[in-house]
Asker: 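Next up is a structure, given as structure tokens.
Quick caveat: nothing in here was measured; it's all calculated off a predicted structure. Position 1 is the first residue of the sequence; numbering continues from there.
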Amino acid sequence: MTAAPMTGPRARPRPRHVTRRHAKTFSLNAIAVLVALLTLFPIFWMVSTAFKPSQEIYSLTPDLWPAHPTLGNFHAVFSGQASGIGSYWLFFRNSMLVTISTVVLASLVSLLASVAVARYRFRFRASYLIMLLIVQMIPAQALIIALFLDFNRLNLLQSLPGLILVYSAQALPVSIWMLRNFVATVPRELEEAAAVDGAGPLRVFWRILFPLIVPGLIATSVFSFITAYNEFIVALTFLGQAHGTYTLPIYVTYFFGRGGAQWGPIMAASTLYTIPVLIFFMIVRRRLVGGLVAGAVKG
């Protein structure tokens, strides 16, 4: 008895390299998802705890989601009852004033300095760039005593302008180095062509050079923003007992008292603390990726 011939198409086995590629892709995606979950879970727990009443926070069997959501923790933060030194809005205003002023001042100074370093040849130019790297390697904590004494002579302690100057100086070395590469990527021929057409130095700078290095300026502003918004040690040392000038990192520490930590208000304040950062990154995210890679070719 003869076997009937196969009428349908014969199933071909997948090549081994395709199977390995799919397995590798699946493994990388699984690892990425796991890392994302591990990274985002503390943020999720912070936001979830901010809406929990105290009995759920200190429960022996904590839940991921608040069973009885409440805004009491946020009310304690806004009213100033939890900290005892003032309302959240006062310290939020101080932090935003210091951060925005630092970003503007550091961006302006680093922009001018980077143009000078990238476009002009002057004596000790290489030494200046090396000095910037050396200054950046020195820990900020090692300079606190010297800065404290100098700012005390200038009567800039316990004030926000003194804090803005310190943060701007801390952000300058990295900002100048990054912007220098962005300026170097702009062809000199564009500026020379504009000069031939009769444009002056200021017009060439604002109409030709500045629009082309805006992505780099945004990338450096992110570093300045993080430096000023999250800094704690210098702010605590320089502001002293001037509670009205405290920034948000110092304000959050006042939720830890002798009787224990107020975890509900702490999580509520921390949630509010992250909102300006998210808003800032949403504003600059489109130009941030291009700015990070635009100066990576020519140095």
Side-chain angles (χ1 to χ4, degrees), residues 41-59 62 66 68-103 139-141 143-145 147-148 151-152 155-168 170-171 224-280:
F41 180 76
I43 301 176
F44 166 77
W45 187 258
M46 175 186 69
V47 177
S48 176
T49 307
F51 290 95
K52 290 180 180 179
S54 58
Q55 58 269 22
E56 294 185 19
I57 295 176
Y58 296 100
S59 175
H68 303 87
T70 179
L71 296 176
N73 296 323
F74 291 93
H75 180 267
V77 171
F78 288 138
S79 63
Q81 298 176 358
S83 64
I85 60 174
S87 173
Y88 167 84
W89 297 112
L90 172 63
F91 309 102
F92 173 78
R93 183 191 64 188
N94 294 339
S95 285
M96 295 310 300
L97 177 61
V98 170
T99 302
I100 295 175
S101 301
T102 300
V103 170
Q141 293 79 2
L143 303 175
I144 287 183
I145 297 177
L147 289 174
F148 183 89
F151 276 64
N152 187 30
N155 294 324
L156 289 176
L157 295 180
Q158 299 186 1
S159 64
L160 296 181
L163 209 58
I164 294 171
L165 291 177
V166 175
Y167 291 162
S168 301
Q170 289 179 348
S224 302
F225 186 95
I226 295 175
T227 299
Y229 193 71
N230 291 333
E231 207 284 324
F232 172 77
I233 297 178
V234 175
L236 181 63
T237 305
F238 276 53
L239 297 180
Q241 297 299 320
H243 294 163
T245 61
Y246 280 176
T247 54
L248 286 177
I250 305 177
Y251 167 70
V252 175
T253 61
Y254 275 81
F255 294 101
F256 296 89
R258 294 182 178 179
Q262 306 178 62
W263 291 112
I266 288 174
M267 295 301 179
S270 300
T271 302
L272 296 172
Y273 183 79
T274 59
I275 292 177
V277 180
L278 295 177
I279 295 175
F280 179 76

Asker: Considering only heavy atoms from C-beta outward, does the side chain of Trp263 approach that of Lys52 to under 4.5 Å?
Answerer: no

Asker: Please round to the nearest 0.5 Å and tell me the distance separating atom OG1 of Thr245 and atom CG of Leu239.
Answerer: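 If we round to the nearest 0.5 Å, Thr245:OG1 and Leu239:CG are 4.0 Å apart.
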
Asker: Do you know the tightest heavy-atom contact between Ile164 and Val98?
Answerer: CG1-CA, 4.0 Å

Asker: Could you list the residues that satisfy side-chain contact (heavy atoms from CB on, under 4.5 Å) with Trp89, not counting sequence neighbours?
Answerer: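 side-chain contact (heavy atoms from CB on, under 4.5 Å) list for Trp89, sorted by chain: Phe78, Ser87, Phe92.
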
Asker: Taking side chain to side chain donor-acceptor pair (under 3.5 Å) as the definition, give me every residue that meets it alongside Asn230, ordered by chain and number, with sequence neighbours left out.
Answerer: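 In terms of side chain to side chain donor-acceptor pair (under 3.5 Å), with neighbours along the sequence ignored, Asn230 is linked to Tyr273.
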
Asker: Where is the tightest heavy-atom contact between Met46 and Met267, given as atom of each residue plus distance?
Answerer: O-CB, 3.5 Å

Asker: How close do Pro265 and Ala76 get, counting heavy atoms only, and between which atoms?
Answerer: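 Looking at all heavy atoms of both residues, the closest pair is CG-CB, 4.5 Å.
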
Asker: For Ile85, enumerate each residue passing the side-chain contact (heavy atoms from CB on, under 4.5 Å) test, keeping only those at least two apart in sequence or located in another chain.
Answerer: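 Per chain and number, Ile85 pairs via side-chain contact (heavy atoms from CB on, under 4.5 Å) with Ser83, Phe91, His243, Tyr246, Tyr251, Tyr254.
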
Asker: Measure the spacing between CE of Met96 and CG of Leu248 and express it to the nearest 0.5 Å.
Answerer: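 The distance works out to 9.0 Å.
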
Asker: With sequence neighbours left out, what residues match Gln170 under side chain to side chain donor-acceptor pair (under 3.5 Å)?
Answerer: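 Not a single residue meets the side chain to side chain donor-acceptor pair (under 3.5 Å) criterion with Gln170.
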
Asker: Within the 4.5 Å heavy-atom criterion, are Thr70 and Phe51 side-chain neighbours or not?
Answerer: no

Asker: Under the side-chain contact (heavy atoms from CB on, under 4.5 Å) rule, collect the residues that match up with Thr237, sequence neighbours excluded.
Answerer: Ile144, Phe148, Ile233

Asker: Evaluate the side-chain proximity of Ile57 to Pro53: yes if any heavy-atom separation is below 4.5 Å, no if none is.
Answerer: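 Pro53 does not reach Ile57 side chain to side chain.
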
Asker: Return the minimal non-hydrogen interatomic distance between Ser95 and Tyr229, and the atom names on each side.
Answerer: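 Reported closest heavy-atom pair: CB-CE1, 4.3 Å.
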
Asker: Side-chain contact, heavy-atom cut-off 4.5 Å: Phe238 with Leu147?
Answerer: yes

Asker: If you measure from CD1 on Ile100 to OG on Ser224, what distance do you get to the nearest 0.5 Å?
Answerer: 13.0 Å

Asker: Out of curiosity, Ile43 CD1 to Ser48 OG, how far, rounded to the nearest 0.5 Å?
Answerer: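 Going from CD1 on Ile43 over to OG on Ser48, the span is 13.5 Å.
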
Asker: Under the rule for side chain to side chain donor-acceptor pair (under 3.5 Å), what residues qualify as partners of Glu56, not counting sequence neighbours?
Answerer: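 In terms of side chain to side chain donor-acceptor pair (under 3.5 Å), with neighbours along the sequence ignored, Glu56 is linked to His68.
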
Asker: Not counting sequence neighbours, which residues clear side chain to side chain donor-acceptor pair (under 3.5 Å) with Tyr167? List them please.
Answerer: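 Counting only residues at least two positions away or on another chain, Tyr167 forms a side chain to side chain donor-acceptor pair (under 3.5 Å) with Glu231.
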
Asker: Could you pull out all donor-acceptor pairs under 3.5 Å where a side-chain atom in residues 155-162 meets a protein atom, sequence neighbours excluded?
Answerer:
from: Ser159; atom 1: OG; to: Leu156; atom 2: O; distance (Å): 2.9

Asker: Using the ring-ring contact (aromatic ring centres under 6.0 Å, His included) criterion, which residues pair with Phe280? Sequence neighbours excluded.
Answerer: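 Here the qualifying residues are Phe225.
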
Asker: Test of understanding: with side-chain contact (heavy atoms from CB on, under 4.5 Å), list the residues that count as partners of Ile145, not counting sequence neighbours.
Answerer: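 Per chain and number, Ile145 pairs via side-chain contact (heavy atoms from CB on, under 4.5 Å) with Leu149.
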
Asker: For the pair Thr49 (side chain) and Trp45 (backbone), establish whether a donor and an acceptor sit closer than 3.5 Å, ignoring hydrogens and angles.
Answerer: yes

Asker: Main chain of Thr247, side chain of Asn94: is a donor-acceptor contact present, judged purely on distance under 3.5 Å?
Answerer: no

Asker: What are the two closest heavy atoms between Ala268 and Val77, and how far apart are they?
Answerer: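 Closest approach of Ala268 to Val77, heavy atoms only: CB-CG2, 4.0 Å.
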
Asker: Side-chain contact test, heavy atoms from C-beta onward, threshold under 4.5 Å: evaluate it for Thr102 versus Leu165 and give yes or no.
Answerer: no

Asker: Which pair of heavy atoms, one from Val47 and one from Thr271, lies closest together, and at what distance?
Answerer: CA-OG1, 3.9 Å

